[in-house]
Structure formats: structure tokens, C-alpha cells
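Notes for the one structure printed next.
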Amino acid sequence: MANFSKSNVPQFSVEVYQNEFLPEGGREVNAIVTVTSTGGGTTGGIPLAGSTPSPAYGSGQGPDAAVVLMVDCSGSMDYPPTKMRNARDATAAAIDALREGTRFAVVAGTHVAKDVYPGNGRLAVADQQTKAQAKDALRKLSAGGGTAIGTWLRLADRLLGAAEVDIRHGILLTDGRNEHEAPEDLRAALDSCAGRFTCDARGVGTDWEVKEVTGIAAALLGTADIVADPAGLAADFTRMMENAMGKEVADVALRLWTPVGVEIRFVKQVAPTVADLTGRRTEASPRAGDYPTGSWGDESRDYHVCVLVPEAGIGQEMLAARVSLILPDPSGAGAPQTLSQGLVRAVWTDDMVASTSINPQVAHYTGQAELAQVIQQGLDARKSGDFDGATAKLGRAVQLASASGNQDTAKLLSKVVDVVDAATGTVRLKAKVAEADEMTLETRSTKTVRVKK
């Protein structure tokens, strides 16, 4: 990946929120780590207070970037015919939002992948002429064939991998299930592409598989969403591209160093969405491991770190973990750059009030992670015919959404259940639920809100 001057790198800050006090015999230490980057591009993730978008994308400013747009052209995109037209229009809108100088390509995806612009395994450089040519190529796209998303991702990886750029990003649109390749083929493609580029994934209509689309976004550190009405695609694609153009630095890792005897229970992103990073650790040194966070612009994200420390006596204290933001040397030859860091502490006390107090941030995000989990469990139970289990899980979800002020999720839940009492989580399953409403709830179940002030 090409290097870039220090002036390109946003300023990162790390804040740690925790109750460091443990009772005698206590071992579990929880901390919420808030990472904020400023001085980058347009907002991504959670908007910063008072932030404003960066200059027009045609300014030519910003880091070198490459984007591949993957458009589903399978036969189902012709039912109804407006779907394919909306997909072409949305891709054209995204191309219009490309910053001048950005490398880009358009891939038509069916049971095979074809780079329809500029073609021959190349990337175009965005300017007025190439944007017009790309939109001409889009008008010739037609629907026909099957769906094998792994082939689309592998072609995008080849195209992006040939570019000497700072930021590599994909945008993927599908309307159907991945029926023309085995699940393990898609998984192998995702494993191959992970860490090489980020990717936003969108499902249009209601005939696609939520777990496939959200799985793609999770593996490639992007966003996932539903566009139930194809008429909304252009606006969504424009926002996605503007967000991609706002990224200033890629491959930032959250490095967790722990002393001897400390065990890591989990590392999760908890805002703006819940994403478990525990299994994605790569060893950096005998006591340190890196967790990928993807690309950053002007934004703020929260992470929940949970570790087990050795037992200690009253009055003792220790450093439970050191959390650092790391930017690797692009050449791989030099030492990584530490962008910022924070400390997680453990102090043993016999003050019961201090040791039993739960930090508000930790309590809030523990609830938000549970909220995402019980929505998934409730919807799975509903699909399998376990209506009592679905009622219990979705009732708990209503209770958690209400308590945390997650109004967006509460509204989505109200389309699946009738809420009798939100505070106690008393609900009734709706007899009829629109498929789009159920899929929207499932797709957006991991979206979180920050602690209420």
C-alpha cells in the first residue's frame, strides 16, 4: 500500500471509561475505549459534534483512493424491470460522487464477474470524461444469469490490489441469494479479501439473505443495509460514496497489550454498530495483538474490552491492559506508528460501594450488545415457529431499546411486535409482518446509540 505524508493522517485520541475498582477475589475488568479521529475527511460512523463535510469531491484533495462498484446483474434484477434501472441510476449517482483522481471500476456480477468499465483488468482515473464513459457503460447493463458473489469480490480484489493507493474500497449491491456457489466458496473469498479492502454491502428488495449481506460487510469492515424500495438506491449510493471519499487513513489497528497472567475475554466494537473483533486478532508480539478497525475519516467509535486479571489482595493495583491505535508501516520494513493510547487499570478495594458500581458506559454498551443478540435470536425463533421464544426475546429487545434510548431500533421492533409495556418488555407478536420490515430489523439490529447524557 502506498505511503502518505503525516499531514494526511487525522489526529487520533483514545479515552478509557471504566470502574477500575474490584472486590477481593475480583478478576473481570471491563472498559469502554472511545477512539476519535479528527482532521480527516467527511464524517463516517458517528458524526462528530459540529463537524462539517469536507470540500466538494471534485476538489482533488484527499488521499489516493480506489473504489470498485459491484452491481448485481443476475436474472432476478429484471423482476420488476425498474430494479435494474434503479441499480444503474444508483451506480451512476455514486460515480458522480467520486472525488477527482480516484481510481475506479464497475463490475457486473452474475454467476461470473466481468469488469465492464474500464475493462481489461484496469482502473480508470475519475474525471469528467471517465465518469461520463462509465455511465455510458452502465446503460448497456442488462439482467441475466445467476449469483456467485465470491467471484465478484475476487475480481474487485484483483482490480484494487493493482492500485498503489492509500484507501481501497468496494460497494456491493445484490437482490438475491448467493445460489450459484457453495457457502464455503463465499467464505473463502471473504477470507482472501479481508484486510485488503473494505466493502459496503446493500440488499435491494426482499429476496436476498440478510446473513449473507451482513456477513460480507462484517468480514470486510464495511456497512450493511437494506434498500427495500429500489427507488431509494440512488440516495443511498451517493451517501455511501461520499462516506468512502471521506476516509483519510486505512488499516488502523487497535493493539491490546496485556501483562503476564491477564486473559482477554473479548474485544468488540460497540458503536456505531456491534461487531465482535475477538477472533480477528493477529499477534504483534508475545504480549500484544492487533484487532482490525478498517478506514477512518472524521468519526468516533467505541470499543468494549474485557479482560481477566489474576486475583490480588486489597490495596493492590495493576495495569490490566494498554490500548493503542497503530498504523503499520506500508512497506512492512519499518516500525508501526502509534497514533494514540490509553490504559485500563485494576485496583482491589474493600469499599463495597466503589467495587460494585458499574460504569455507565460499560452498562450501556453491555445492554446494546445484548439488544443486537436478542433481536437475532427472536427473529430466528419466529422463523422456526417458536413463537413463545420469539415473544420473550423480542420483548427483552423492546425493554433494552426503551431503556437505552435507541429509538430507531424501537420503531423497527414496533413493526414486528405490538408493545404492551416497553418498560417491562411485555409484547405480542404481530400476526402479519411485512417481509421488508422483518428484514430491516434484522439488518439494522447491530446499530447502537451512545450513552444518554
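Values in this document were obtained by computation on a predicted structure and should not be read as measured data.
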Exercise. Passes side-chain contact (heavy atoms from CB on, under 4.5 Å), E248 versus S295? Steps please.
Worked result: CA-CA 7 Å; E248 292 284 333; S295 302; over 6 Å; no
Problem set entry | Separation of T91 OG1 from L141 CG (nearest 0.5 Å) | 8.0 Å
Problem set entry | Pairs satisfying salt bridge (Lys or Arg N to Asp or Glu O under 4.0 Å), at least one member in residues 11-22, at least two apart | E20-R345
For this session: Only counting residues at least two apart or in another chain, list the ones meeting salt bridge (Lys or Arg N to Asp or Glu O under 4.0 Å) with R239.
Result: D236
For this session: Under the side-chain hydrogen bond (donor to acceptor under 3.5 Å, both in side chains) rule, collect the residues that match up with R255, sequence neighbours excluded.
Result: D290
Problem set entry | Donor-acceptor contact below 3.5 Å, side chain S340 vs main chain V14 | yes
For this session: Tell me, yes or no, whether the heavy-atom count around I358 atom CD1, taken from other residues, nucleotides or ligands under 6.0 Å, exceeds 12.
Result: no
Problem set entry | Gap between atom NE2 of H364 and atom CG of L400 - 0.5 Å precision | 10.5 Å
Exercise. Does T102 use its side chain to pair, donor to acceptor, with the backbone of L98 at less than 3.5 Å?
Worked result: no
Exercise. Salt bridge between R99 and E242, side-chain N to carboxylate O under 4.0 Å?
Worked result: no
Seminar exercise, completed: Taken in chain and number order and not counting sequence neighbours, the residues that satisfy salt bridge (Lys or Arg N to Asp or Glu O under 4.0 Å) with D89 are none
For this session: Examine distances only and state if a side-chain atom of S357 and a backbone atom of V353 form a donor-acceptor pair shorter than 3.5 Å.
Result: no
Exercise. side-chain hydrogen bond (donor to acceptor under 3.5 Å, both in side chains) with T223: which residues, sequence neighbours excluded?
Worked result: D200, R202
Exercise. Is there side-chain contact between L394 and L413, with at least one heavy-atom pair below 4.5 Å?
Worked result: yes
Problem set entry | Residue pair D302, T34: steps toward the side-chain hydrogen bond (donor to acceptor under 3.5 Å, both in side chains) verdict | CA-CA 4 Å; D302 293 335; T34 295; 2.7 Å; yes
Problem set entry | Any side-chain donor near an acceptor of the partner, T174 and D72, under 3.5 Å | yes
For this session: Determine whether the side chains of T446 and T273 contain a donor N or O and an acceptor N or O closer than 3.5 Å.
Result: no
Problem set entry | Verdict with reasoning, F12 to W296, per ring pair (Phe, Tyr, Trp, His ring centres under 6.0 Å) | CA-CA 10 Å; F12 281 82; W296 289 73; 5.4 Å; yes
Exercise. So, T206 side chain and A436 main chain: donor-acceptor pair closer than 3.5 Å or not?
Worked result: no
For this session: Search all heavy atoms of P360 against all heavy atoms of V451 and return the closest pair with its distance.
Result: O-CG2, 4.5 Å
For this session: Assess whether side-chain hydrogen bond (donor to acceptor under 3.5 Å, both in side chains) is satisfied between D276 and T278, documenting all intermediate values.
Result: CA-CA 6 Å; D276 194 343; T278 312; 2.5 Å; yes
Exercise. Counting only N and O atoms by type, is there a donor-acceptor contact under 3.5 Å from the side chain of W208 to the main-chain atoms of V213?
Worked result: no
For this session: Check for a donor-acceptor pair, side chain of D421 on one end and backbone N or O of T426 on the other, with a separation under 3.5 Å.
Result: no
For this session: Using a strict cut-off of less than 4.0 Å between a Lys/Arg side-chain nitrogen and an Asp/Glu carboxylate oxygen, indicate whether K211 and D380 qualify as a salt bridge.
Result: yes
Problem set entry | V374 to K393 - nearest heavy-atom pair and separation | O-CB, 3.6 Å
Problem set entry | Counterpart residues, ring pair (Phe, Tyr, Trp, His ring centres under 6.0 Å), relative to F197 (two or more places apart) | none
Problem set entry | Test side-chain hydrogen bond (donor to acceptor under 3.5 Å, both in side chains) applied to E438 - qualifying residues, sequence neighbours left out | R382
Exercise. Of all heavy-atom pairs between W152 and T110, which one has the smallest distance, and what is that distance?
Worked result: NE1-O, 2.8 Å
For this session: Start with the C-alpha gap between K430 and D418, add the side-chain angles, then the distance that decides, and say whether salt bridge (charged side-chain N to carboxylate O under 4.0 Å, His left out) holds.
Result: CA-CA 6 Å; K430 286 185 182 287; D418 291 315; 2.6 Å; yes
Problem set entry | Residue from F266, Y17, Y365 passing ring-ring contact (aromatic ring centres under 6.0 Å, His included) with H304 | F266
For this session: Return yes if some donor-acceptor pair links the side-chain N/O of T198 with the main-chain N/O of H169 below 3.5 Å, else return no.
Result: no
Seminar exercise, completed: For P292 and R280, the nearest pair of non-hydrogen atoms, with its separation, is CD-O, 3.6 Å
Problem set entry | Ionic contact status for R281 with E283, cut-off 4.0 Å | yes
Side-chain polar contacts of residues 187-195 - donor-acceptor pairs under 3.5 angstrom, sequence neighbours left out - could you list them?
| from | atom 1 | to | atom 2 | distance (Å) |
| --- | --- | --- | --- | --- |
| R187 | NH1 | D191 | OD1 | 3.3 |

For this session: Would you please test L220 and L153 for side-chain contact (heavy atoms from CB on, under 4.5 Å) and show each step?
Result: CA-CA 10 Å; L220 302 181; L153 293 167; 4.0 Å; yes
For this session: Measure the spacing between OG of S355 and CG of N19 and express it to the nearest 0.5 Å.
Result: 8.0 Å
For this session: Check the surroundings of atom NZ in K383: do more than 12 heavy atoms from other residues, nucleotides or ligands lie under 6.0 Å from it?
Result: yes
For this session: Indicate whether any N or O donor in one side chain lies under 3.5 Å from an N or O acceptor in the other, for T448 and Q368.
Result: no
Exercise. In terms of side-chain heavy atoms, does S404 have a donor or acceptor partner in N406 at a distance below 3.5 Å?
Worked result: no
For this session: Take D157 and V68 through the side-chain contact (heavy atoms from CB on, under 4.5 Å) test and state the conclusion after the steps.
Result: CA-CA 9 Å; D157 185 33; V68 173; over 6 Å; no
Problem set entry | With sequence neighbours excluded, residues passing salt bridge (Lys or Arg N to Asp or Glu O under 4.0 Å) with K83 | D175
Exercise. Is a donor on one side and an acceptor on the other found under 3.5 Å between the side chain of D78 and the backbone of P81?
Worked result: no
For this session: Could you name each residue pair satisfying salt bridge (Lys or Arg N to Asp or Glu O under 4.0 Å) that touches residues 219-233, not counting sequence neighbours?
Result: D225-R444
Exercise. What is the minimum heavy-atom distance between M318 and P259, and which atoms define it?
Worked result: CE-CG, 4.1 Å
For this session: Any chance you could measure M240, atom CE, to L233, atom CG, to the nearest 0.5 Å?
Result: 8.0 Å
For this session: Return the set of residues passing side-chain hydrogen bond (donor to acceptor under 3.5 Å, both in side chains) with R287 (not counting sequence neighbours), or none when no residue passes.
Result: none
Problem set entry | Polar side-chain atom of T293 near backbone of V252 as donor-acceptor pair, under 3.5 Å | yes
Exercise. Do E28 and R265 sit within salt-bridge range, that is, some charged N less than 4.0 Å from a carboxylate O?
Worked result: yes
Seminar exercise, completed: Between A92 and L138 the two heavy atoms that sit nearest each other are N-CD1, 3.5 Å
Exercise. R88: what forms a salt bridge (Lys or Arg N to Asp or Glu O under 4.0 Å) with it, not counting sequence neighbours?
Worked result: none
For this session: Might you work through the side-chain contact (heavy atoms from CB on, under 4.5 Å) test for T391 and V417, ending with a clear yes or no?
Result: CA-CA 8 Å; T391 302; V417 296; over 6 Å; no
For this session: Say whether, by atom type as modelled, one donor and one acceptor occur between the side chain of E442 and the main chain of Q376 under 3.5 angstrom.
Result: no
